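Take a look at the structure below.
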Amino acid sequence: MTYFIIIISAIFVNNIVLSQFLGICPFLGVSKKISTGLGMTGAVTFVMVIATIVTYFIQKLILVPFGITFLQTISFILVIAALVQLVEIVLKKVSPPLYQALGVFLPLITTNCAILGVAIMTVNRDFNLLEAVVFSASSAIGFGLALVTFAGIREQLELVEIPKGMQGAPIALLVAGILAMAFMGFAGMV
Amino acid sequence: MSIVLITILTLAGLGALAAVILYLASQKFKVFEDPRIDQVEEVLPAANCGGCGFPGCRAFAEALVKADDISDLNCPVGGAEVMGKVAQILGKEVAKSEPKIAVVRCNGTCEHRPRLNQYEGAPSCAAASALYGGETGCSFGCYGLGDCVDACNFDAMYMDEKTGLPVVIEDNCVACGACVDACPKNIIELRKKGPKNRRIFVSCVNEEKGAVARKACSVACIGCGKCAKVCPFDAITIKNNLAYIDDEKCRLCRKCVAECPTNAIHELNFPVRKNKTAVKETATEEK
Amino acid sequence: MLKTFKIGGVHPHEWKLSAEKQIEVLPLPKRVSVPVTQHIGAPAKPLVKKGDIVKTGQMIAASGGFVSANIHSPVSGKVFKVDQTVDASGYRKPAIIIDVDGDEWLDDIDRSDKLVKEITLSGEEIIKKIGEMGIVGMGGATFPSHVKLSPPPGKKCEILIINGVECEPYLTSDHRLMLEKSEELIVGIRILMKALNVNKAVIGIENNKPDAIKKLTELTSKEEGIDVQPLKVKYPQGGEKQLIDAITGRQVPSGKLPIEVGAVVQNVGTTVAVYEAVQKNKPLIERVVTVTGPAIAQPSNFLARIGTPIEQLIEAAGGLPQDTGKVIGGGPMMGKALTSLEVPITKGSSGLLVLPDEAAHRQPVKNCIRCSKCVSACPMGLEPYLLMIEAEKEMWDRAEEDRIMDCIECGSCSFTCPAHRPLLDYIRLGKGKVGQIIRSRQ
Amino acid sequence: MGKTESSLSNMALTLITITLLTGAALGYVYKLTEKPVAIAKEKKQQEAIRLVVPEFDNNPAQEMYLIPTSDGDSLKVFPAKKEGKKVGCAIESISHNGFGGDVKIMVGILPDGTIYNYQVLEHKETPGLGTKMTTWFKPSEEDNVSKASGNAFFNWLFGISNNSGGGNTSIVGVDPTKTKLEVSADGGDIDAITAATISSRAFLEAVRKAWYAYTEIVDTHSSATTKEKNSQEGGMQ
Amino acid sequence: MNQKLVISPSPHIHSGDSIPANMYGVIIALLPALATSVWLFGVGALIVTFTSVAACVFFEWIIQKYLLKVTPSITDGSAIVTGLLLAFNLPTNIPIGLIIIGAAVAIGIGKMSFGGLGNNPFNPALVGRVFLLISYPVQMTTWPTPFASRLQYIDAQTGATPLSVIKEGLSNGQTIPELMERIPSYLDLFLGKTGGSAGEMAALALLIGGVYLLWKRIITWHIPVSVIGSVVIFTGILHLANPSTFADPLFHILTGGIMLGAFFMATDYATSPMSNKGMLLYGAGIGIITVLIRCFGSYPEGVSFAILIMNGFTPLINRYMKPKRFGETIKTARVQTSK
Amino acid sequence: MNQWSNFTKGFFKENPVFVMLLGMCPTLGVTSSAINGLGMGLATTFVLVMSNIVVALVKDFIPEKVRIPSFIVIIASFVTIVEMVMQAWLPALFEALGLFIPLIVVNCIVLGRAEAFASKNSVGSSIIDGLGMGLGFSLALTILGTTRELLGSGKAFGLPIFSESYGMLVFVLAPGAFIALGYLIALINKIRRAG
Amino acid sequence: MAGKNQIEHEGIVEQTEGDHVKVRILTQSACASCHAKGVCTAADLQEKIIDASSDRTYSAGDRVTLVGESRLGLQAAWWAYILPLILMLGTLIVTFSLTKDENLSGLLALAILVPYYLLIKIFNKKFLKTFSFTIKPSMD
Ligand SMILES: Cc1cc2nc3c(=O)[nH]c(=O)nc-3n(C[C@H](O)[C@H](O)[C@H](O)COP(=O)(O)O)c2cc1C
Ligand SMILES: Cc1cc2nc3c(=O)[nH]c(=O)nc-3n(C[C@H](O)[C@H](O)[C@H](O)COP(=O)(O)O)c2cc1C
Ligand SMILES: Cc1cc2nc3c(=O)[nH]c(=O)nc-3n(C[C@H](O)[C@H](O)[C@H](O)COP(=O)(O)O)c2cc1C
Ligand SMILES: Cc1cc2nc3c(=O)[nH]c(=O)nc-3n(C[C@H](O)[C@H](O)[C@H](O)CO)c2cc1C
Ligand code: SF4
Ligand code: SF4
Ligand code: SF4
Ligand code: SF4
Ligand code: FES
């Protein structure tokens with residue numbers, strides 16, 4: 001049941017984009033294509049989970065035992081930056097065609113704040129490993145949910161005449177705001 | 001162990017590991033972006049109009065930097081000035097392209113070309129052209145529904161309410177050609193801007209036989225050929241009952257203007273003629 | 001429940017003003033103008049030149065390709081000129097203009113009223129004859145009938161459907177034809193059945209023409225393999241694909257022809273013309289035209305020669321009313337607004353509708369409120385609101401993906417839209433562009 | 001440009017130098033801030049204790065001990081003594097039933113069992129609603145200190161009645177044996193924060209928990225010093 | 001001929017349907033509910049409704065005229081509908097200031113920022129309502145007791161709605177059968193004799209309005225049926241599984257905003273899907289989310305949130321749930337090739 | 001580019017938040033009050049200036065290929081310093097900003113300036129650049145924070161302006177952050193277009 | 001019918017080999033699609049060389065558009081990310097619930113990726129066929 005609560009909480013109640021404000025840049029900036037949004041979600045989830053596992057161990061096996069938790073930020077960011085690149089290198093080595101296909105279809109995933117933020121959030125919450133992983137995967141899915149819904153709305157808004165002053169970022173933020181308002185309905189569900 | 005030592009060790013360890021990976025990655029993936037691309041992009045007008053044939057100014061900048069010969073690449077918005085700067089940055093030659101401008105080759109104003117019908121469909125020339133030939137007897141003429149105006153990204157065109165014809169604002173037009181593509185009747189043409197903005201062209205595209213054309217529109221080109229005869233430079237050809245002035249050959253002598261029985265040939269920005277009798281109605285709607 | 005098609009459809013008011021009016025023969029005009037493109041496909045090539053003397057029924061232009069049709073002189077007289085004249089859309093198209101002189105027909109045409117039941121020609125000969133006689137679809141699309149009757153190899157026709165639906169408001173020409181030429185119609189069906197080598201034919205008639213249903217049911221009760229199928233009134237039931245769906249329950253797949261589901265559809269007018277061509281040797285030189293409109297003094301059904309100026313038909317129906325706003329060639333849903341009254345009627349003209357000024361104008365266009373009424377109305381299951389935007393914003397890829405090419409241009413969408421959006425205008429534009437793109441891809 | 005060239009040794013050297021330098025710098029700053037951070041943390045707790053019990057002269061944090069509650073939490077108890085005499089107890093209590101999550105409070109209880117004061121330590125309630133708990137359950141003078149008072153017309157426009165905040169809301173000085181520490185909607189004696197019954201309930205639950213825990217200790221180990229020693233290791237964190 | 005003939009592409013006739021016709025149709029359909037509301041709550045209902053409608057129309061006018069600089073189109077009735085529906089979602093003792101804020105948010109943020117009628121992805125009235133609910137929960141969750149103080153507005157006597165009674169009670173450990181005693185009879189609920197927002201309680205009156213909308217073809221059956229149907233099915237399952245914590249389906253559809261939501265708010269043209277399939281999915285989504293919020297969330301009522309959330313999904317639904325295209329049935333394609 | 005315009009461009013013309021839409025997460029996440037916004041802005045400014053200085057100083061010694069890892073280390077160190085200092089001496093602000101302090105590391109403005117400016121320019125101009133951008137960021141966050149605080153709870157920098165009960169709670173919560181920023185950007189766009 | 005559900009990406013021809021063309025493309029990180037491209041050049045632009053088949057001849061330097069079905073994008077994401085993710089989660093859950101040893105299960109979860117990617121390497125030929133692109137000239 002706790003896992004269930006973690007999942008529901010991370011996806012709906014405390015959605016990382018709509019209520020935690022993480023990963024806003026890709027959320028606002030990523031292509032308006034829905035399929036791209038879906039692919040992105042897969043990639044982000046994968047990276048987030050790996051990053052969570054690795055940072056979890058760094059925290060547990062290095063930082064805490066040596067009493068150097070203040071190195072959390074710097075070590076996490078280095079590890080995550082390296083990991084993201086590592087995934088790319090491995091993919092390129094292992095399967096060039098796959099790697100190429102991803103290159104054409106998906107924007108790259110870099111160390112955006114969602115990944116670092118989730119990694120820090122997980123270690124700060126005293127989760128065990130499995131909980132941590134479930135949490136980060138659900139957060140990523142929450143990210144995807146917001147991203148895809150948003151892509152859909154944006155695609156639709158492309159078709160109508162938005163008042164000049166509101167075009168672009170303002171209307172996107174407004175939609176995000178209303179979505180966030182709607183998602184508040186899930187409050188207390190965990 | 002002192003905390004400082006542990007810190008240094010951990011960081012050095014993690015740092016080295018991460019650095020190796022990042023280094024490998026950068027070696028494998030890092031793009032070498034020619035810094036000149038940025039420089040070139042800087043001088044481009046950032047209109048992102050696509051007039052150059054590339055998806056945006058950045059893409060054009062890339063192409064310019066990559067191309068060996070940039071003489072057939074041109075930014076219509078920035079014109080020779082910008083291309084000169086680009087050439088300077090890149091140390092390459094530019095072709096001296098003569099500035100061009102859009103001209104509307106229809107003079108079928110409400111008064112010259114009586115409206116026989118009243119169109120009430122979608123306000124789009126393209127939609128109208130799929131349906132019928134136009135509100136007047138001339139099925140070559142302008143619909144006046146402004147697809148060209150909509151296509152222009154530079155506010156260089158507007159619809160003259162009185163005449164029902166589009167007007168090009170000389171100062172704004174960058175000769176991107178968007179309007180040319182938009183017009184379903186091929187009325188708009190990019191022509192040489194001409195010295196002091198002076199130019200002469202046949203303001204009609206009607207290919208009907210003379211009598212029919214004349215009946216539909218009092219200022220139609222009737223293909224009589226008088227202008228071609230009088231032109232000292234062989235700049236005028238008649239095809240399908242329609243005269244066309246080649247702007248490469250035309251030397252702006254204005255003989256044809258006076259000769260045209262229907263005033264179909266327009267001269268722009270010329271000083272007023274001294275010879276009174278030859279003065280015909282000059283087109284003044286283009287300002 | 002009465003049969004009808006499954007998706008969409010609308011219910012315009014019927015306005016069948018001339019339903020009770022017998023077909024009258026229109027007097028010959030003084031001069032006819034016969035366009036060389038009266039059908040879908042390549043223009044026919046004129047065979048006559050200025051000054052030639054022609055007889056009624058004489059071929060004056062020959063089919064210009066595989067999909068094309070012969071054209072015959074509708075009158076006798078002297079060719080005034082072969083030149084461009086304004087057509088109904090205001091563009092100038094080549095036409096043969098003939099000054100009428102008497103009414104001298106070719107000798108081999110049987111002008112009597114006698115019903116010839118016996119079909120002597122073989123299937124192939126029938127199709128050849130139909131081609132020679134310049135028969136084209138008279139239901140509106142003017143597709144050369146001989147092409148339609150020769151299914152591509154490998155495809156077999158299983159059912160012949162006779163389109164007596166006439167779902168357009170105001171129009172009554174097919175209705176009158178079914179009543180007044182019922183016997184000829186039945187023979188025509190037999191001829192088509194023979195040509196197509198099918199043993200089943202169904203006449204689809206909407207329920208608002210009970211007299212025609214009754215009469216034809218009586219006649220066909222004796223006929224093996226020919227049935228009458230009454231249909232629920234719903235526009236655009238007359239659309240080929242909708243009619244096939246209504247009658248057989250089969251739906252022609254996107255981008256395919258009716259033969260894909262084993263059906264061939266012919267209009268009643270076409271069928272009668274086929275009878276006349278095959279049994280009486282009479283080419284397609286005249287047709288029934290409904291002249292109607294709210295302010296027309298005598299809404300009528302005329303049998304008129306091809307090439308007769310529209311003015312003359314309207315004159316015969318009591319003249320053009322004072323406040324005419326729009327003259328439409330065809331019905332109010334699919335017909336074309338005419339730019340002038342000098343244009344002639346052609347093989348495809350089923351009616352002339354004169355609308356008063358107040359009814360001629362469109363309402364101001366508003367934003368789409370996404371009410372989805374157009375989606376519910378579309379008989380092809382398309383999303384007109386979206387297609388319009390895609391056409392407007394030149395998103396051709398998406399328009400193609402959203403099946404803009406499936407649109408049958410029935411107008412149901414524009415008809416229903418509460419925001420008065422010119423949906424079909426833009427969809428048509430989009431179809432044109434997307435069609436070009438598809439063609440250039442091949 | 002005079003950039004160092006990208007040879008492997010160069011790069012390794014640069015990176016190692018950088019990490020060494022930053023490592024040293026960070027370690028140094030950590031040393032510098034270590035104390036202040038600890039002090040800041042401690043001060044927060046001290047402050048909270050100071051606020052909720054009468055004046056004392058011992059170090060309650062040092063004498064802290066844990067007591068378990070029936071629902072599996074353990075509460076931290078900070079005994080406050082003046083001149084060796086117990087003047088009260090600060091208890092850190094928690095409820096898991098807040099609107100947005102856990103509600104963590106510090107409650108001060110006097111030796112006679114009445115509540116001296118409280119302080120909200122952590123909560124995730126909605127700002128402007130549940131957050132009112134920080135002042136709501138204190139006597140009303142303390143409540144409206146920082147508020148700009150509205151004018152009558154706007155109060156009418158926004159439907160704010162002037163007597164809000166009145167009623168039976170304070171738990172300060174209350175003896176839980178006499179006053180039922182539950183929201184009035186549930187039959188208790190305390191008025192809930194308007195439209196934040198859930199938060200109020202959670203808050204009162206935490207208070208009750210502390211109080212029951214307290215009375216239990218008082219009952220069973222009224223002067224049990226052994227307990228205090230046993231739980232020493234749970235001390236400062 | 002001297003007359004100029006009008007040229008336009010086909011079709012040349014129109015059904016006569018128009019935006020105002022639809023909007024005024026909705027207004028008419030809302031009248032029974034308004035009447036019920038006045039019967040129950042008296043002047044409060046009138047004041048709230050009037051203020052809301054006036055404010056919505058005013059904001060639409062002023063924004064169109066001075067900010068967007070287009071000709072105001074307030075006569076099309078859509079702002080009136082928004083105003084009415086906003087009012088119907090507010091308690092009848094809500095202070096005027098909040099109504100005005102709600103209207104400004106509904107029209108300004110919810111509708112005009114997107115370019116006005118038809119462009120907005122979210123239901124304007126609900127944007128206004130949820131904004132108020134989150135901003136002013138106190139005022140938004142005190143409902144006047146029916147019949148109690150029909151001549152009073154702000155100071156009306158207040159009471160709980162059936163749903164908040166249930167929510168409160170459950171969180172206090174009471175069971176549904178116990179709580180049902182405190183709830184008016186189902187007949188009273190059906191007639192609307194209970195506390196709640198201005199226009200949401202009168203199931204009967206709303207049903208009459210809904211039938212009118214269906215009869216006038218202003219809406220189709222898909223959304224209302226799937227909303228109510230999914231609520232019934234979902235709560236039915238829950239109720240069967242555990243009758244002591246989950247109320248029965250009838251209770252759920254008779255209380256709160258289900259009827260108002262299903263017939264009037266989920267059906268809002270601009271924010272609901274375009275295809276029938278899509279509408280069914282959308283309605284089901286609304287029903288399920290509503291029940292989730294009611295039964296598991298902390299809000300006693302979830303219709304507004306559910307509709308807004310599904311509004312967010314509408315573009316996706318439109319993208320992937322296309323109407324059934326003609327000729328898609330595979331059966332037909334096969335017939336002739338076999339012979 | 002002269003130094004003054006280099007300094008001021010971040011305030012308005014190239015404001016990282018309103019114009020370039022960078023660093024949206026902290027912008028939205030910490031601006032529930034003006035003081036938080038300002039605090040975050042200044043913390044970021046510190047990191048920006050310091051890392052700009054260091055990057056400008058060491059730019060010539062860093063081989064091209066390890067540029068990015070080096071920059072990350074440098075920036076992360078300053079972030080960590082800010083973290084520790086704040087925790088020690090500004091614990092309340094530290095708690096309010098929470099997660100967003102470590103996230104300064106990934107703020108595009110910081111890495112972006114280091115990459116695009118400091119690694120090509122002198123120390124002096126790098127300081128000015130960092131200071132300008134940082135103050136522009138702080139300005140934006142403060143404006144947004146003030147707006148939200150005022151609308152949400154009737155206060156500005158904690159000072160009551162009008163009764164808290166009039167405030168629109170939404171603006172203190174997540175949705176209000178998006179909405180307020182949306183309209184602020186619209187407003188700024190309008191001003192920019194007009195001016 | 002072509003043209004449906006396609007995704008396009010601009011690129012420049014690097015070299016040609018028979019009917020195969022190597023195209024250089026630029027991928028951008030999610031952040032880079034924002035307006036700050038010029039500012040934020042950090043590690044988020046990458047060049048990739050893509051193999052594509054072509055029906056006509058191109059020469060190096062030509063600007064082309066890569067065309068592939070957008071379904072392939074999701075398919076690629078599936079093989080590259082989602083399937084290993086599921087594997088990883090699965091391993092983690094199974095080993096964790098069996099052993100209750102965090103370190104071991106964490107290690108195993110990461111380790112499972114090694115055989116997975118090796119497997120992918122084996123199936124490379126297949127992918128080569130699936131993930132193919134065609135190119136067309138850009139903007140005539
Ligand atoms: C290019 C083309 C080819 C056609 N080929 C055939 C054919 O081979 N057989 C046939 O029965 N109909 C054929 N048709 C006719 C159509 O199926 C249809 O009957 C015609 O377009 C008129 O239909 P409508 O009046 O419903 O629009 C063809 C139409 C077109 C445009
Ligand atoms: C929307 C629409 C409505 C139509 N209505 C009729 C009709 O009422 N009667 C008719 O005979 N043909 C109608 N047609 C034409 C038919 O689709 C089809 O072309 C015709 O029945 C084929 O017969 P024909 O080739 O003999 O004309 C309609 C076509 C469309 C697209
Ligand atoms: C945005 C929002 C936030 C809320 N936050 C809280 C909260 O923090 N604490 C709380 O007890 N109730 C909160 N509520 C109110 C609950 O939903 C519920 O109405 C209330 O707790 C019980 O109602 P009552 O206090 O009027 O009896 C909030 C409501 C809204 C709309
Ligand atoms: C059937 C129907 C339902 C409507 N429901 C709403 C509604 O729930 N909320 C609202 O603000 N407007 C509603 N409107 C009015 C109008 O459509 C709405 O303001 C648009 O969303 C504005 O684009 C409705 C209109 C109709 C015809
Ligand atoms: S007038 Fe035509 S050519 Fe000139 S800028 Fe406008 S669109 Fe381009
Ligand atoms: S010039 Fe061409 S595009 Fe412009 S209004 Fe005339 S017809 Fe339309
Ligand atoms: S015209 Fe086309 S889109 Fe419109 S209803 Fe008819 S088939 Fe559908
Ligand atoms: S009928 Fe008109 S208003 Fe309704 S969805 Fe279609 S286009 Fe939009
Ligand atoms: S600040 Fe850019 S993603 Fe968070």
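Below, chain A is the first sequence line, B the second, and so on; all start at residue 1. Bear in mind that the values here come from a model prediction, so they are computed numbers and not experimental data.
Here the side chains of B:N117 and C:K326 are not in contact, with every heavy-atom distance at 4.5 Å or above. Considering only heavy atoms from C-beta on, C:Q84 comes within 4.5 Å of B:E208 through its side chain.
Heavy-atom minimum distance, C:K336 versus B:L131: NZ-O, 3.6 Å. Here the closest heavy-atom approach between residue C:Y426 and residue B:S124 is recorded as OH-CB, 3.9 Å.
By a heavy-atom distance cut of under 4.5 Å, B:G133, B:S139, B:Y143 are the residues of residues 133-145 of chain B near chain C, going up by number. Listed in order of number, the residues of residues 382-391 of chain C that approach chain B to under 4.5 Å between heavy atoms amount to none.
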Stepwise side-chain contact (heavy atoms from CB on, under 4.5 Å) test for B:L116 and C:S340: CA-CA 8 Å; B:L116 305 177; C:S340 94; over 6 Å; no
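With hydrogens and angles ignored, the 3.5 Å screen pairs a side-chain donor or acceptor of C:D425 with a backbone N or O of B:A122.
Within 6.0 Å of the NZ atom in C:K393, the count of heavy atoms belonging to other residues, nucleotides or ligands exceeds 12. Annotation for B:K209: atom NZ does not count as buried by contact number, only 12 or fewer foreign heavy atoms lying within 6.0 Å.
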